[in-house]
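First listed ligand is number 1; within each ligand, the first listed atom is number 1.
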Amino acid sequence: MKTFSVVNQKGGVGKTTTVLNLGAALGKKGRKVLIIDLDSQANLSRSFGIGKTIDKHIGTVLAREHQAKDVIINKGIDIIPSSLELLKYEKLISSEETYQFILEETIKPLQKLYDYCLIDCPPSLSTLTVNALVASDFYLIPLQPEFYSYDGLRTITDFAQKLTKLNPKLQLAGIFPTKYNPNARKRLNHDVIEHTKELFQEKVLSVYIRDNVSLAESPLNQTDVFTYAPESNGAKDYMQLANLIVKL
Ligand SMILES: Nc1ncnc2c1ncn2[C@@H]1O[C@H](COP(=O)(O)OP(=O)(O)OP(=O)(O)O)[C@@H](O)[C@H]1O
Ligand SMILES: [Mg+2]
């Protein structure tokens with residue numbers, strides 16, 4: 001199992017949308033995929049109609065009340081859901097001396113069951129994000145190309161670099177633009193991406209996720225973009241991203 005964390009401390013940049021649709025794309029390519037909702041907002045879980053208040057979720061896994069395998073729900077794709085309660089569990093585990101390794105340990109028994117595991121991180125570099133990065137082989141950074149949105153990128157890569165002491169295999173898989181608008185009037189999008197390329201060179205992926213309403217609408221219909229709008233730009237772009245990810 002190759003594990004990817006989707007990380008950005010900035011909110012609303014497309015982390016959850018990426019886990020949902022990259023996961024679905026990898027599934028369409030015949031890979032066995034597990035997605036983990038590690039955010040107490042539980043947006044990923046709600047994209048599948050899984051309620052905010054459930055009694056088995058990633059928090060109870062981290063607290064070792066349940067085994068990871070017993071919490072998985074199949075919604076076409078296998079998901080370990082989250083809950084608003086996760087905040088409480090995050091506090092609880094933060095006081096453990098080796099809290100950084102809890103997620104890695106709890107998902108270890110699933111290693112042989114899946115080809116890919118994608119982790120949806122909260123918009124913060126918190127205890128939970130530390131756990132995600134320590135459990136991962138790679139991390140992916142969605143970037144919404146706005147004024148100075150590249151400013152926070154170095155914060156993430158420095159943070160991850162420090163964690164390689166705990167997880168030497170951790171690598172940046174890439175940074176990719178989301179909600180990209182190629183329209184000439186949105187020249188800012190282009191300029192931000194060019195500047196990010198100067199800073200991060202080949203780590204900026206060649207796949208841009210365009211601004212596409214089907215990506216925003218599909219979770220409201222409790223499904224991914226491939227089921228909701230298979231011909232949309234959103235479906236095309238996330239399939240391209242999956243094509244790139246399987247080559248890593
Ligand atoms: N490429 C896109 N085109 C159009 N809308 C998008 C796109 N990507 C994401 N969105 C929409 O933007 C909003 C924020 O996206 P998303 O929830 O994936 O971000 P996030 O980084 O997970 O946010 P948070 O940090 O709050 O968890 C959602 O309403 C989502 O549907
Ligand atoms: Mg999210």
Side-chain angles (χ1 to χ4, degrees), residues 4-25 35-50 52 57-59 77 79-84 86-87 90 118-129 131-133 139-146 149-153 155-156 159 173-183 186 188-190 192-193 204-242 244:
F4 288 73
S5 288
V6 180
V7 193
N8 194 330
Q9 75 276 38
K10 216 166 169 306
V13 298
K15 294 180 290 292
T16 301
T17 305
T18 296
V19 170
L20 172 65
N21 294 298
L22 177 60
I35 57 180
I36 300 179
D37 189 347
L38 197 59
D39 184 358
S40 63
Q41 297 178 92
N43 289 340
L44 182 65
S45 308
R46 282 190 289 160
S47 304
F48 292 98
I50 303 169
K52 272 188 172 179
H57 51 79
I58 188 63
I77 192 165
I79 173 169
I80 297 184
S82 182
S83 150
L84 287 179
L86 178 57
L87 282 178
E90 179 180 16
L118 308 180
I119 305 173
D120 185 18
C121 290
S124 61
L125 302 177
S126 59
T127 295
L128 293 170
T129 305
N131 266 270
L133 290 169
Y139 65 106
L140 272 166
I141 308 178
L143 173 80
Q144 190 182 345
E146 284 179 331
S149 55
Y150 42 76
D151 271 0
L153 291 176
T155 310
I156 308 172
F159 186 76
I175 300 164
F176 59 99
T178 56
K179 303 188 182 178
Y180 176 66
N181 192 330
N183 190 314
K186 292 260 183 169
L188 173 69
N189 270 214
H190 176 78
V192 168
I193 294 167
V204 180
L205 303 179
S206 55
V207 173
Y208 295 5
I209 309 294
R210 284 167 285 185
D211 192 28
N212 180 250
V213 70
S214 298
L215 288 169
E217 286 171 352
S218 56
L220 303 173
N221 291 274
Q222 301 190 358
T223 189
D224 58 74
V225 75
F226 299 95
T227 310
Y228 178 71
E231 302 302 327
S232 63
N233 285 339
K236 286 179 192 146
D237 294 346
Y238 273 107
M239 187 51 79
Q240 265 208 49
L241 183 62
L244 217 146

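- Below 4.0 Å from some heavy atom of Asp39 lie the following atoms of ligand 1, by number and element: 27 (O).
- Two residues are said to be in side-chain contact when any heavy atoms from C-beta on lie closer than 4.5 Å; Ile77 and Phe48 meet this criterion.
- In this structure, the side chains of Val225 and Ser232 come closer than 4.5 Å at one or more pairs of heavy atoms.
- The side-chain heavy atoms of Leu20 and Leu44, taken from C-beta on, include a pair separated by under 4.5 Å.
- By the definition of a contact as any protein heavy atom under 4.0 Å away, atom 22 (O) of ligand 1 is in contact.
- Val7 is listed as a side-chain neighbour of Leu125, based on a closest heavy-atom distance under 4.5 Å.
- Near Gly11, with a cut-off below 4.0 Å to any heavy atom, the atoms of ligand 1 are 25 (O).
- Comparing Ile209, Thr17, Leu220 against atom 8 (N) of ligand 1, the shortest heavy-atom distance belongs to Thr17.
- Heavy-atom contacts of Asp211 reach the following atoms of ligand 1: 3 (N), 4 (C) (cutoff under 4.0 Å).
- Counting all heavy atoms, side chain and backbone alike, Leu133 lies closest to Ser5 at N-OG, 3.8 Å.
- At under 3.5 Å, a nitrogen or oxygen of Gln41, whether backbone or side chain, sits near a nitrogen or oxygen of ligand 1.
- Here the side chains of Thr178 and Thr17 are not in contact, with every heavy-atom distance at 4.5 Å or above.
- Counting the atoms of ligand 1 from 1 in the order shown, those under 4.0 Å from a heavy atom of Leu215 are 1 (N), 2 (C), 31 (O).
- For the residues Lys15, Lys179, Gln144, Arg210, the heavy atom positioned nearest atom 20 (P) of ligand 1 is part of Lys15.
- At a cut-off of 3.5 Å, with distance as the only test, no side-chain donor of Ser82 or Asp39 sits close to an acceptor on the other residue.
- Counting all heavy atoms, side chain and backbone alike, Ala235 lies closest to Ala229 at CB-O, 3.7 Å.
- For atom 31 (O) of ligand 1, the closest heavy atom belonging to the protein is Ala216 CA, 3.2 Å.
- Interface of Val13 with ligand 1, defined as ligand atoms under 4.0 Å from a residue heavy atom, comprises 19 (O), 20 (P), 21 (O).
- Residues Phe4 and Thr18 fail the side-chain proximity criterion, which asks for heavy atoms closer than 4.5 Å.
- With 3.5 Å as the limit, one finds no donor-acceptor pair spanning the side chains of Thr16 and Asn43.
- Of the residues Asn233, Asn181, Leu215, the one that meets the side chain to side chain contact (heavy atoms under 4.5 Å, CB included) test with Arg210 is Asn233.
- By the criterion of a separation under 2.8 Å, the protein N/O/S atoms near the Mg ion (ligand 2) amount to Thr16 OG1.
- The distance from ligand 1 to the heavy atoms of Pro123 drops below 4.0 Å at these ligand atoms: 25 (O).
- You'll find the side chain of Ile156 reaches within 4.5 Å of the side chain of Gln9, heavy atoms only.
- Between Asn212 and ligand 1 there is a heavy-atom distance shorter than 4.0 Å.
- Closest to atom 17 (O) of ligand 1 among all protein heavy atoms lies Thr16 CB, 3.9 Å.
- By the definition of a contact as any protein heavy atom under 4.0 Å away, atom 28 (C) of ligand 1 is not in contact.
- At under 3.5 Å, a nitrogen or oxygen of Gly14, whether backbone or side chain, sits near a nitrogen or oxygen of ligand 1.
- Neither the backbone nor the side chain of Asp237 comes within contact range of ligand 1; no heavy atom lies under 4.0 Å.
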(message) Between Ile58 and Ile36, does the side chain to side chain contact (heavy atoms under 4.5 Å, CB included) criterion hold? Intermediate values first, please.
(response) CA-CA 8 Å; Ile58 188 63; Ile36 300 179; 3.8 Å; yes

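- You'll find the side chain of Ile209 stays beyond 4.5 Å of the side chain of Pro142, heavy atoms only.
- Distances shorter than 4.0 angstrom do not occur between any heavy atom of Glu217 and any atom of ligand 1.
- Between the side chains of Asp224 and Thr227, at least one donor N or O lies within less than 3.5 Å of an accepting N or O.
- Residue Gly12 places at least one N or O, backbone or side chain, under 3.5 Å from an N or O of ligand 1.
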